[in-house]
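Below is one structure, written out as structure tokens; comments come after it.
Each chain gets a letter, A, B and so on, in the order its sequence line appears, and its residues count up from 1.
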Number of protein chains: 2
Amino acid sequence: MRRTLAPRPLPPAEDQAARFARQREADRTATAEDYVELIADLLRADGEARAVDIARRMGVSQATVTATIGRLQRDGLVETKPYRGLFLTDAGRDMAAAAKARHELVVQFLIAVGLDAETAEQDAEGIEHHASEAALQAFERFLAARKAAG
Amino acid sequence: MRRTLAPRPLPPAEDQAARFARQREADRTATAEDYVELIADLLRADGEARAVDIARRMGVSQATVTATIGRLQRDGLVETKPYRGLFLTDAGRDMAAAAKARHELVVQFLIAVGLDAETAEQDAEGIEHHASEAALQAFERFLAARKAAG
DNA sequence: TCCGAAAGTTAGCCTAGGCTAAGAAGTGTG
DNA sequence: CACACTTCTTAGCCTAGGCTAACTTTCGGA
């Protein structure tokens with residue numbers, strides 16, 4: 001019997017590279033998701049989404065918001081008229097709805113496994129962008145099972 | 001009794017801004033954590049960490065690795081001599097150990113809640129950088145409870 | 001030993017996402 | 001209705017993190 005504890009071997013390089021690549025892809029879409037989610041929330045709560053409110057809630061300057069909104073517009077998620085409020089395109093609304101659903105699910109899941117609401121809200125902000133469909137389904141199953149068990 | 005479903009009000013702007021700011025902070029440290037974790041793995045597995053292997057495993061060009069390593073060195077995480085392999089400083093080793101522990105914990109947790117190993121590995125790559133200490137402790141408690149329950 | 005292949009670096013480019021400062025556009029009130 | 005205030009945009013700057021192409025250094029084998 002071997003006594004030397006074999007260190008877990010590294011995964012194949014290609015697999016690892018693919019994971020990091022998907023990771024970078026998720027990072028790229030995260031900002032867009034956060035913005036459209038916030039814009040949708042503002043439209044719902046205030047009836048309008050103004051750059052100044054986005055800046056305040058994102059904790060960035062208005063100039064940054066203008067630049068980011070430009071990218072969202074270029075990517076077909078948002079429609080703007082100069083000096084007017086923001087509106088979501090169909091694609092933007094879809095993304096916002098999906099992002100919001102994911103966000104809520106992650107928050108509920110984190111609370112269910114023992115996190116306090118405030119921390120759950122904070123952590124969900126980051127985790128929601130990195131949970132795959134399979135993971136979200138697992139979270140849902142977990143919540144359903146817990147609910148069934150009482 | 002009210003029939004209109006009150007939409008959940010937006011959180012205070014300052015709270016939301018603080019969450020996004022912490023989020024951006026986590027994003028900034030994520031690359032460093034991934035690199036030192038990988039360097040530590042390579043040192044353990046191969047006895048050395050070479051830029052060409054990091055490039056292959058991260059799925060980026062060697063030029064990108066050189067630039068990133070430069071930042072890690074500037075930040076006191078890595079030591080290099082030109083055209084020689086990489087070494088971790090004490091700070092780098094600490095960060096790598098913490099990152100690896102977090103990574104493993106998140107993988108085990110995701111598997112415990114029903115994810116397959118491959119997806120767990122993929123999702124952990126993103127989630128590990130965004131789970132707070134409180135969340136990691138919750139994950140640990142969950143694993144411990146499940147183990148106790150059998 | 002030397003020389004070609006592999007590894008590492010440098011130069012120059014790009015995008016995303018931050019910032020400040022300054023100016024333009026819209027709005028509300030005396 | 002005019003002027004001050006707020007909002008939005010523009011200009012110019014920065015860092016991180018990507019890329020390719022070209023160059024330098026190292027290393028191993030004939």
Side-chain angles (χ1 to χ4, degrees), chain A residues 13 17-39 42 46-87 125-126 129, chain B residues 13 17-39 42 46-87 125-126 129:
Chain A
R19 283 204 285 270
F20 281 119
R22 277 197 289 272
Q23 206 44 53
R24 289 191 293 270
E25 179 58 33
D27 288 344
R28 269 197 299 277
T29 61
T31 303
E33 291 175 351
D34 285 339
Y35 268 73
V36 296
E37 191 178 344
L38 177 54
I39 291 168
L42 288 170
D46 302 352
E48 60 176 356
R50 281 149 71 249
V52 66
D53 293 323
I54 296 172
R56 187 161 50 233
R57 287 184 176 277
M58 294 291 300
V60 300
S61 71
Q62 284 191 27
T64 294
V65 171
T66 298
T68 305
I69 293 301
R71 285 190 287 272
L72 298 182
Q73 194 169 14
R74 178 201 62 190
D75 297 343
L77 297 167
V78 150
E79 278 170 358
T80 71
K81 296 178 195 166
Y83 294 97
R84 286 290 170 268
L86 305 176
F87 304 92
E125 205 62 72
H129 302 297
Chain B
R19 284 204 284 271
F20 280 119
R22 279 196 288 272
Q23 207 43 55
R24 288 192 294 270
E25 179 59 33
D27 288 344
R28 268 196 300 277
T29 60
T31 303
E33 290 174 351
D34 285 338
Y35 268 72
V36 296
E37 191 179 344
L38 176 54
I39 292 168
L42 288 170
D46 302 351
E48 58 176 359
R50 281 148 71 249
V52 67
D53 293 323
I54 296 172
R56 188 162 49 235
R57 288 183 175 277
M58 294 290 301
V60 299
S61 71
Q62 278 187 226
T64 294
V65 171
T66 299
T68 305
I69 294 300
R71 285 189 287 272
L72 297 181
Q73 194 169 13
R74 178 202 59 192
D75 297 343
L77 297 166
V78 151
E79 276 169 1
T80 71
K81 295 179 196 167
Y83 295 97
R84 285 287 171 270
L86 304 175
F87 304 93
E125 204 61 74
H129 302 297

Salt bridge (Lys or Arg N to Asp or Glu O under 4.0 Å) evaluation trace for Asp27(A) with Arg24(A)
CA-CA 5 Å; Asp27(A) 288 344; Arg24(A) 289 191 293 270; over 6 Å; no
Test log, rule side chain to side chain contact (heavy atoms under 4.5 Å, CB included), inputs His129(B) and Thr29(B)
CA-CA 8 Å; His129(B) 302 297; Thr29(B) 60; 5.9 Å; no
Using the salt bridge (Lys or Arg N to Asp or Glu O under 4.0 Å) rule, take Arg28(A) and Glu25(A) through it: C-alpha gap first, then chi angles, then the decisive distance, then the call.
CA-CA 5 Å; Arg28(A) 269 197 299 277; Glu25(A) 179 58 33; 2.5 Å; yes
Please step through side chain to side chain contact (heavy atoms under 4.5 Å, CB included) for the pair Met58(B) and Val65(B), ending with a clear verdict.
CA-CA 9 Å; Met58(B) 294 290 301; Val65(B) 171; 5.6 Å; no
Stepwise, does the side chain to side chain contact (heavy atoms under 4.5 Å, CB included) test hold for Arg50(A) with Leu42(A)?
CA-CA 8 Å; Arg50(A) 281 149 71 249; Leu42(A) 288 170; over 6 Å; no
Can you list the steps and then say if Ile39(A) with Ile69(A) is a side chain to side chain contact (heavy atoms under 4.5 Å, CB included)?
CA-CA 10 Å; Ile39(A) 291 168; Ile69(A) 293 301; 4.1 Å; yes
Could you list the protein-to-nucleotides 11-16 of chain D atom pairs, N/O on both sides, closer than 3.5 Å?
{"residue": "dA16(D)", "atom": "OP1", "partner": "Arg74(B)", "partner atom": "NH1", "Å": "3.1"}
{"residue": "dA16(D)", "atom": "OP1", "partner": "Arg74(B)", "partner atom": "NH2", "Å": "2.9"}
{"residue": "dA16(D)", "atom": "OP2", "partner": "Arg74(B)", "partner atom": "NH1", "Å": "3.4"}

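At a threshold of 4.0 angstrom between heavy atoms, the contacts of Ala67(B) with the nucleic acid are absent. Residue Thr68(B) is classed as having no contact, given no heavy-atom separation below 4.0 Å to the nucleic acid.
Ranked by how close their nearest DNA chain D nucleotide is to the 5' end, Pro82(A) and Arg24(A) are led by Pro82(A).
Rounded to whole angstrom, the span from the NZ atom of Lys81(B) across to the C1' atom of dA7(C) amounts to 18 Å. Across the protein-nucleic acid pair, Ile54(A) atom CD1 and dT7(D) atom P stand 13 Å apart, rounded to whole Å. Counting to the nearest Å, the P atom of dG8(C) and the CE atom of Met58(B) are 16 Å from each other. Between Phe20(A) atom CZ and dC19(D) atom P there is a gap of 14 Å when expressed in whole angstrom units. Put simply, CZ on Arg50(B) is 13 Å from C1' on dA5(C), counting in whole angstrom units. Here dT7(D) presents its P atom at 14 Å from CG of Leu42(A), a figure rounded to the nearest Å. When the P atom of dG18(D) is taken as reference, atom CD of Gln23(A) falls 11 Å away, rounded to whole Å. Rounded to whole Å, the distance from CD on Glu48(B) to P on dA7(C) is 10 Å.
Heavy-atom minimum distance, Phe20(B) versus Arg57(A): CD1-O, 3.4 Å.
OP1 or OP2 of dT9(D) sits under 4.0 Å from a side-chain N or O of Thr66(A). Contact annotation: Thr64(A) side-chain N/O to dG17(C) OP1/OP2 distance is not under 4.0 Å.
When distances run from any side-chain atom of Arg84(B) to the nucleotides dA7(C), dG18(D), dT26(D), the shortest one goes to dT26(D). You'll find that the side chain of Ser61(B) is closest to dT20(D), out of dG8(C), dT20(D), dA24(C).
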